[in-house]
Amino acid sequence: MERTKSIAVSGRSHDFLKLAAPCRGPKDFPKLKNDAFLLACRGQETPHVPVWCMRQAGRYLPEFRESRAGKDFFATCRSPSACCELTLQPLRRFPFDAAIIFSDILVIPQAMGMDVQMVAGKGPTFPEPLKEPEDLLLLQSKVDVNKELDYVFKAITLTRHKLEGKVPLIGFTGAPWTLMAYMIEGGGSTTQSKAKRWLYRHPEASHQLLKMLTDIIVEYLLGQVAAGAQALQVFESHAGCLGPAEFQEFSLPYLRDIARKVKDQLKESGQDVPMIVFAKDGHYGLEDLSQSHYEVVGLDWTIDPRSARERTGGKVSLQGNMDPCALYAPKERIYEIVKKMLEGFGTRGYIANLGHGLYPDMDPENVGAFVEAVHAHSRHLLNLK
Ligand code: 1CP
């Protein structure tokens, strides 16, 4: 305990890391003060509806832009103290009910030996993407996750301490299909046609790559929990360009495998960490996703809250799904939109969020209004009960 206290108030993270590395373990962490998010993940009663935002650590915050100014994106990801600072920034401004570790989904392809750079004005770029199945031989198939991604684990441990138990810390990963798409496209794409070409032309090699990614992701998520993550989100950001049949074959089995394997392994050590699956634009898969071993299904804004509840039949908690662009509305209108959203989802088994990440040109004041509206209106609804 003594140790935890001195760590929590100590100024320099580097000293802390040297100190903490040999004794990593949940018992050393400060006691959690706000567990609304974790309770909601499990469908339990909460005093208010918990809320956080995808990309809450991001360019819309002036302090984020200042911290990141002139620094390479992936070098920032490799610095535990920088990740910790960027994770905490939004928490200093807004009463979010969860923190999400600052990192990126593309650290996995990097760990597999691929070069990924963040190009200004373009986004993440792979100078040498995978072109044909033979290229799989160039990848590191057996990745030593503890070595290659240790910097993420250090960032999580440090951040969990520095959060001082204020809110839980979410760890995350990209899902296999989404990572495969980046590795073949070499960056962002609207059609994912190069990656989809593999699905139709090279189904065996596609499965080989998806399996390889799944194994690494399982290790990676378990490492995040060991480092201190209290919930895990799996981002299938490119679900929308798959049709139902391709989703059934190339995404869903791997999403299920990840949750099952992570949970089985955690159970062995008596741990139970809620998992969230967010398949953007994957509404065709909602019924299946609600039966995939995840406690929470994240939703984008194209799904009506009531219909999402009906289609998931109370099997899971739901997270989402305000259109991020609604944050361009005046504050009174944001309150009205939040009110409708809360009334559609109900207050139980629900985590308010946006349907995707915040954009850089959004006004932090409106983000504050969104958080405030969720807390105020959900308390109002809960008091009526
Ligand atoms: O320089 C910068 O600041 C670039 C902006 C940025 C940020 C803030 C990128 C580049 N990544 C991140 C951090 C990040 N990425 C987080 C941090 C935690 C938080 O949410 O606050 C998370 C969870 C991610 C996950 C991520 N990266 C996803 C999944 C979520 C989603 O947006 O669907 C994806 C697809 C990426 C790839 C990526 N990284 C960055 C960009 C601009 C992109 C998208 C590129 C594209 O497809 O066009």
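Small disclaimer: the values here were computed from a predicted structure and weren't measured. Numbering of ligands and ligand atoms starts at 1, following listing order.
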- Query: Do you see a donor-acceptor pair shorter than 3.5 Å between the side chains of H48 and D97?
  - Reply: yes

Less than 3.5 Å apart, N/O on ligand 1 and N/O on the protein: could you list those pairs with the distances?
residue	atom	partner	partner atom	Å
ligand 1	1 (O)	R59	NH2	2.9
ligand 1	1 (O)	R68	NH2	2.7
ligand 1	3 (O)	R59	NE	3.4
ligand 1	11 (N)	D104	OD1	2.8
ligand 1	15 (N)	R55	NE	3.4
ligand 1	15 (N)	R55	NH2	3.3
ligand 1	15 (N)	D104	OD1	3.1
ligand 1	20 (O)	R55	N	2.7
ligand 1	21 (O)	Q56	N	3.2
ligand 1	21 (O)	A57	N	2.9
ligand 1	27 (N)	R55	NH2	3.2
ligand 1	27 (N)	D104	OD1	3.0
ligand 1	32 (O)	H356	NE2	3.1
ligand 1	33 (O)	S237	OG	2.6
ligand 1	33 (O)	H356	NE2	2.7
ligand 1	39 (N)	D104	OD1	2.8
ligand 1	47 (O)	Y182	OH	2.3

Residues passing the side-chain contact (heavy atoms from CB on, under 4.5 Å) test with H202, sequence neighbours excluded, are E132, P133, R197, W198, A205

For residues 111-120, run the donor-acceptor check on the side chains, cut-off 3.5 Å, and write out each pair with its distance to 0.1 Å, sequence neighbours left out.
residue	atom	partner	partner atom	Å
D115	OD2	Q117	NE2	3.0

Partner of K263 under side-chain hydrogen bond (donor to acceptor under 3.5 Å, both in side chains), picked from Q271, E268, E295, is E295

Taken in chain and number order and not counting sequence neighbours, the residues that satisfy side-chain contact (heavy atoms from CB on, under 4.5 Å) with E85 are Q89, R92

* Between H238 and D281, is any side-chain donor less than 3.5 angstrom from a side-chain acceptor? -> no

